[in-house]
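A short write-up of the structure that comes next.
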Amino acid sequence: MLQNCCKLFLFFLFSSIIFISSVHAAPFNIDMSFTGFTAGQQTVITQAETYWENVLTGYQTGIAITSLSILAESNYIDGEYGTLGYARPTDATKQAGFVLATEGEMTFDSADLTRLYDSGKLYDVIVHEMAHVIGFGTLWVDSEPYWSNGLYVDGSHEYTGTAALAAYQAEYDSLATYVPVEDEYGKGTADAHWDEDIFDNELMTGLIDNTNFISKTTLASFVDLGYVLLPVPIPSALLLLGTGLLGLIGLKRRQVQ
């Protein structure tokens with residue numbers, strides 16, 4: 001969920017772990033529908049959709065899903081500079097040992113949309129929330145058996161998926177035994193984002209900054225969820241800029257000077 005608090009590399013090792021074969025059972029495709037957005041705002045949503053379709057090239061072997069359907073809505077939530085948006089999967093399927101989203105929804109506060117669009121920050125907010133629909137933070141936990149991929153024990157603040165952990169060891173801490181998960185900022189932020197104290201301006205923390213990036217740890221976490229990554233490093237042009245904090249799972253904004 002987004003709130004008013006803004007904070008959204010041994011490469012050979014990392015590549016050998018998460019850039020797995022591009023051979024896969026089915027391509028990854030998102031079907032978007034919209035309610036309450038301007039044409040320009042819809043274009044930004046489509047750009048975020050394209051980002052994830054390019055980064056996640058498909059599903060792992062044994063998974064047969066034709067598409068992920070996402071409804072994006074603009075509704076009043078709590079007014080300007082409060083919760084920017086929230087998102088979740090609304091239906092899922094179990095295949096090849098994974099729980100995978102097949103339908104989902106994203107809601108963005110109508111009070112914030114024009115400002116975010118005009119400032120160029122809306123893209124980051126949407127990419128973040130779309131990640132939650134795909135499964136980041138929402139299809140991790142053991143406390144929800146049907147919705148869990150066994151990657152996180154609720155309340156432990158320790159993500160243990162093997163691909164993301166290997167990436168975290170390469171990027172941040174070679175001796176780590178888990179990826180640190182947020183333990184502050186309340187429901188919708190804690191237990192569903194990377195730890196802000198460690199990841200700072202990484203896009204999948206609960207707080208968003210003026211400048212954000214998507215780490216290889218975040219990308220690897222989607223391998224833990226059953227997806228196949230683009231089998232080449234992500235070019236710097238795809239790194240993200242933004243202002244906002246993400247949440248049901250949502251995002252929050254920190255005031256930036």
Side-chain angles (χ1 to χ4, degrees), residues 7-22 24 28 51-52 54-61 63 87 89 92 96-101 127-144 147-183 189-207 212-234 238-240 246 249:
K7 272 199 172 190
L8 240 172
F9 267 87
L10 303 173
F11 286 92
F12 69 93
L13 173 62
F14 175 77
S15 298
S16 69
I17 295 170
I18 73 162
F19 293 130
I20 61 180
S21 171
S22 60
H24 48 264
F28 178 64
Y51 172 81
W52 284 118
N54 287 337
V55 171
L56 305 179
T57 59
Y59 297 95
Q60 294 180 31
T61 302
I63 298 171
F98 297 99
V99 177
L100 299 119
V127 169
H128 176 115
E129 298 297 353
M130 200 170 287
H132 286 313
V133 176
I134 297 168
F136 186 99
T138 54
L139 298 179
W140 288 357
V141 296
D142 287 342
S143 61
E144 300 288 345
W147 296 90
S148 175
N149 280 288
L151 303 171
Y152 180 71
V153 175
D154 200 22
S156 69
H157 314 301
E158 299 179 0
Y159 177 100
T160 56
T162 55
L165 176 56
Y168 179 74
Q169 290 168 338
E171 284 188 294
Y172 293 93
D173 181 356
S174 63
L175 299 179
T177 57
Y178 60 86
V179 183
V181 173
E182 187 58 68
D183 61 353
T189 300
D191 298 305
H193 299 86
W194 300 140
D195 188 346
E196 173 67 21
D197 292 339
I198 303 297
F199 285 85
D200 194 17
N201 61 338
E202 212 278 346
L203 189 66
M204 296 312 297
T205 66
L207 305 173
N212 305 281
F213 72 100
I214 293 182
S215 66
K216 290 180 170 59
T217 302
T218 287
L219 295 177
S221 73
F222 290 96
V223 175
D224 294 327
L225 289 166
Y227 296 91
V228 173
L229 288 180
L230 184 71
V232 294
I234 306 302
L238 291 182
L239 297 181
L240 304 175
L246 311 172
I249 305 296

| request: Could you give me the CA-CA distance, side-chain angles and deciding distance for V133 and T138, then say whether side chain to side chain contact (heavy atoms under 4.5 Å, CB included) is met? | output: CA-CA 7 Å; V133 176; T138 54; over 6 Å; no
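- Note that the CG atom of D183 and the CG atom of D191 stand 8.5 Å from one another [nearest 0.5 Å].
- Counting all heavy atoms, side chain and backbone alike, E202 lies closest to S215 at OE2-N, 2.6 Å.
- In this structure, P89 and H132 approach most closely via the heavy-atom pair CD-O, 3.6 Å.
- Ring-centre distance between Y159 and W140: below the 6.0 Å cut-off.
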| field | Audit row: I214, V55, side chain to side chain contact (heavy atoms under 4.5 Å, CB included) steps and yes/no | value | CA-CA 11 Å; I214 293 182; V55 171; over 6 Å; no
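- For the atom pair M204 CE and T218 OG1, the distance stands at 6.5 Å (nearest 0.5 Å).
- You'll find the side chain of L225 reaches within 4.5 Å of the side chain of L151, heavy atoms only.
- Here OH of Y172 is found 5.5 Å from OG1 of T217. Values are rounded to the nearest 0.5 Å.
- When each of D224, N149, L139 is paired with F98, the side chain to side chain contact (heavy atoms under 4.5 Å, CB included) condition holds for N149 and for no other.
- Between A96 and T61, the closest heavy-atom pair is CB-O, 3.7 Å.
- The aromatic rings of F136 and W194 sit perpendicular to each other, their planes meeting at more than 60°, with 30° as the lower class boundary.
- Rounding to the nearest 0.5 angstrom, the gap separating the NE2 atom in H193 from the CZ atom in F199 is 12.5 Å.
- Nearest heavy-atom pair across I63 and G226 is CD1-O, 3.6 Å.
- For the atom pair CG of D195 and CG of D200, the computed distance is 10.5 Å after rounding to the nearest 0.5 Å.
- D173 is not listed as a side-chain neighbour of I198, based on a closest heavy-atom distance of 4.5 Å or more.
- A pairwise comparison of heavy atoms in I134 and A101 identifies O-CB, 4.1 Å as the closest pair.
- Using a 4.5 Å cut-off on side-chain heavy atoms (C-beta onward), H157 and Y152 make contact.
- Of all heavy-atom pairs between T177 and L165, the closest is O-CD2, 3.6 Å.
- For the atom pair L56 CG and Y51 OH, the distance stands at 8.5 Å (nearest 0.5 Å).
- A distance-only check finds no donor-acceptor pair linking the side chain of E182 to the backbone of T205 [under 3.5 Å].
- The main-chain N or O of V127 is found under 3.5 Å from a side-chain atom of W52 such that the two form a donor-acceptor pair.
- Y227 and Y59 have tilted rings, their planes meeting at an angle from 30° to 60° on a 0 to 90° scale.
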